[in-house]
Amino acid sequence: MLDAAFRSTPMNEGVLALARRLRGRVRLGIITDNKADRMDCLRALHGLDAWFDPIVVSAEAGAAIFEHACRLAGLRPAQCLLIDNSRRNLDTAAAAGLATLFHDDARNDVAALRGVLERRLGASWLA
């Protein structure tokens, strides 16, 4: 039953399409507070490892998750941008030295997210 529940998780296709456009131009990762077994299922089902590296599960990384993710990516925090739907996570990441961007996943305005990324990265990154 648990596996079936994991498999029924809807994917945010708009955000994934944006990630596909960025793949190979910037390093993309996932930091999540999902349970490891759920993420293992979703990684395999949707081939997330082909698009995102690193994929960091908070239960496995501990308290300094943002620093840990930066280390896994081989980047300094100042080279990283965290996009999240939690102001608390964004504040914690900013305190660790990451740039941050709020994405309201309830509204899921992918066009607005793309616009902000175009302004930050330059439109050519998303061409």
Side-chain angles (χ1 to χ4, degrees):
M1 286 181 77
L2 201 53
D3 188 63
F6 294 158
R7 290 177 175 278
S8 69
T9 300
M11 298 300 287
N12 188 328
E13 293 301 328
V15 171
L16 286 175
L18 184 56
R20 281 187 206 87
R21 294 185 83 136
L22 286 166
R23 179 79 165 106
R25 299 171 188 214
V26 298
R27 186 88 182 257
L28 297 171
I30 295 175
I31 299 172
T32 183
D33 61 356
N34 282 289
K35 302 284 187 207
D37 57 345
R38 181 171 189 250
M39 282 308 298
D40 289 343
C41 177
L42 295 176
R43 288 168 87 159
L45 179 65
H46 297 291
L48 296 179
D49 290 303
W51 297 98
F52 300 96
D53 179 36
I55 297 177
V56 180
V57 177
S58 63
E60 298 170 343
I65 190 166
F66 300 113
E67 296 90 338
H68 177 69
C70 291
R71 278 192 304 278
L72 289 176
L75 300 168
R76 296 184 319 278
Q79 296 174 290
C80 299
L81 169 66
L82 176 73
I83 303 169
D84 204 300
N85 63 339
S86 162
R87 301 266 185 210
R88 192 181 101 218
N89 288 345
L90 295 172
D91 290 344
T92 303
L98 286 76
T100 62
L101 177 59
F102 179 74
H103 177 67
D104 183 345
D105 65 340
R107 286 185 55 222
N108 197 36
D109 190 343
V110 177
L113 176 60
R114 180 183 171 145
V116 172
L117 290 173
E118 284 177 346
R119 288 188 295 279
R120 284 193 176 196
L121 299 172
S124 64
W125 286 94
L126 292 165

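The backbone N or O of L81 lies less than 3.5 Å from no partner atom in the side chain of R120, so there is not a single donor-acceptor pair. Judged purely by atom type and a 3.5 angstrom limit, D105 has no side-chain atom pairing as donor or acceptor with the backbone of N108. R21 contributes no side-chain N or O that, together with a main-chain N or O of A17, makes up a donor-acceptor pair within less than 3.5 Å. With hydrogens and angles disregarded, a donor-acceptor distance shorter than 3.5 Å links the side chain of R27 to the backbone of D53.
Follow the hydrophobic side-chain contacts under 4.5 Å out from L75 and you never reach L117; the two are in separate clusters. Put simply, I83 and L48 are part of the same group of oily side chains (I, L, V, M, F, W, Y) that touch within less than 4.5 Å, one to the next. In the hydrophobic cluster analysis, where Ile, Leu, Val, Met, Phe, Trp and Tyr join through side-chain heavy atoms closer than 4.5 angstrom, L98 is grouped apart from L113. Cluster membership for V26 and L101, using ILVMFWY side-chain heavy atoms within less than 4.5 angstrom, is shared. Both M11 and V57 are part of a single hydrophobic cluster, where members link through side-chain heavy atoms under 4.5 Å apart.
Atom CG of D91 and atom OG1 of T100 lie 7.5 Å apart (nearest 0.5 Å). Here the CG-CD distance, from L72 to E67, works out to 12.0 Å after rounding to the nearest 0.5 Å. In this structure, the separation between CG on N89 and CD1 on I31 is 8.5 Å, given to the nearest 0.5 Å. Rounding to the nearest 0.5 Å places NE2 of H46 at 14.0 Å from CH2 of W51. For the atom pair D84 CG and D104 CG, the distance stands at 11.5 Å (nearest 0.5 Å). Rounding to the nearest 0.5 Å places CG of L18 at 9.5 Å from CG of N12.
For the pair F102 and L82, the minimum side-chain heavy-atom distance is 4.5 Å or more. Taking the side chain as every heavy atom from C-beta outward, L22 and L121 approach each other to under 4.5 Å.
The pair K35-D37 does not meet the salt-bridge criterion, since no charged nitrogen lies less than 4.0 angstrom from a carboxylate oxygen. Taking a cutoff of 4.0 Å between a charged side-chain nitrogen and a carboxylate oxygen, R114 and E118 qualify as a salt bridge.
Minimum heavy-atom separation, C70 to P77: SG-CA, 3.7 Å. Shown here for G14 and V110, the closest heavy-atom pair between the two residues is O-CG1, 3.6 Å. When every heavy atom of L28 is checked against every heavy atom of A19, the shortest pair comes out as CD1-O, 3.2 Å. Heavy atoms only, all atoms of each residue included: P54 and A69 are closest at CG-O, 3.8 Å. Nearest heavy atoms, T32 versus I65: O-CD1, 4.5 Å.
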Before giving the answer on side chain to side chain contact (heavy atoms under 4.5 Å, CB included), spell out for V15 and H103 the whole-Å C-alpha distance, their side-chain angles and the decisive distance to 0.1 Å. CA-CA 10 Å; V15 171; H103 177 67; 4.1 Å; yes
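Counting heavy-atom neighbours within 6.0 Å of R76 CZ, excluding the residue itself, gives a total of 12 or less.
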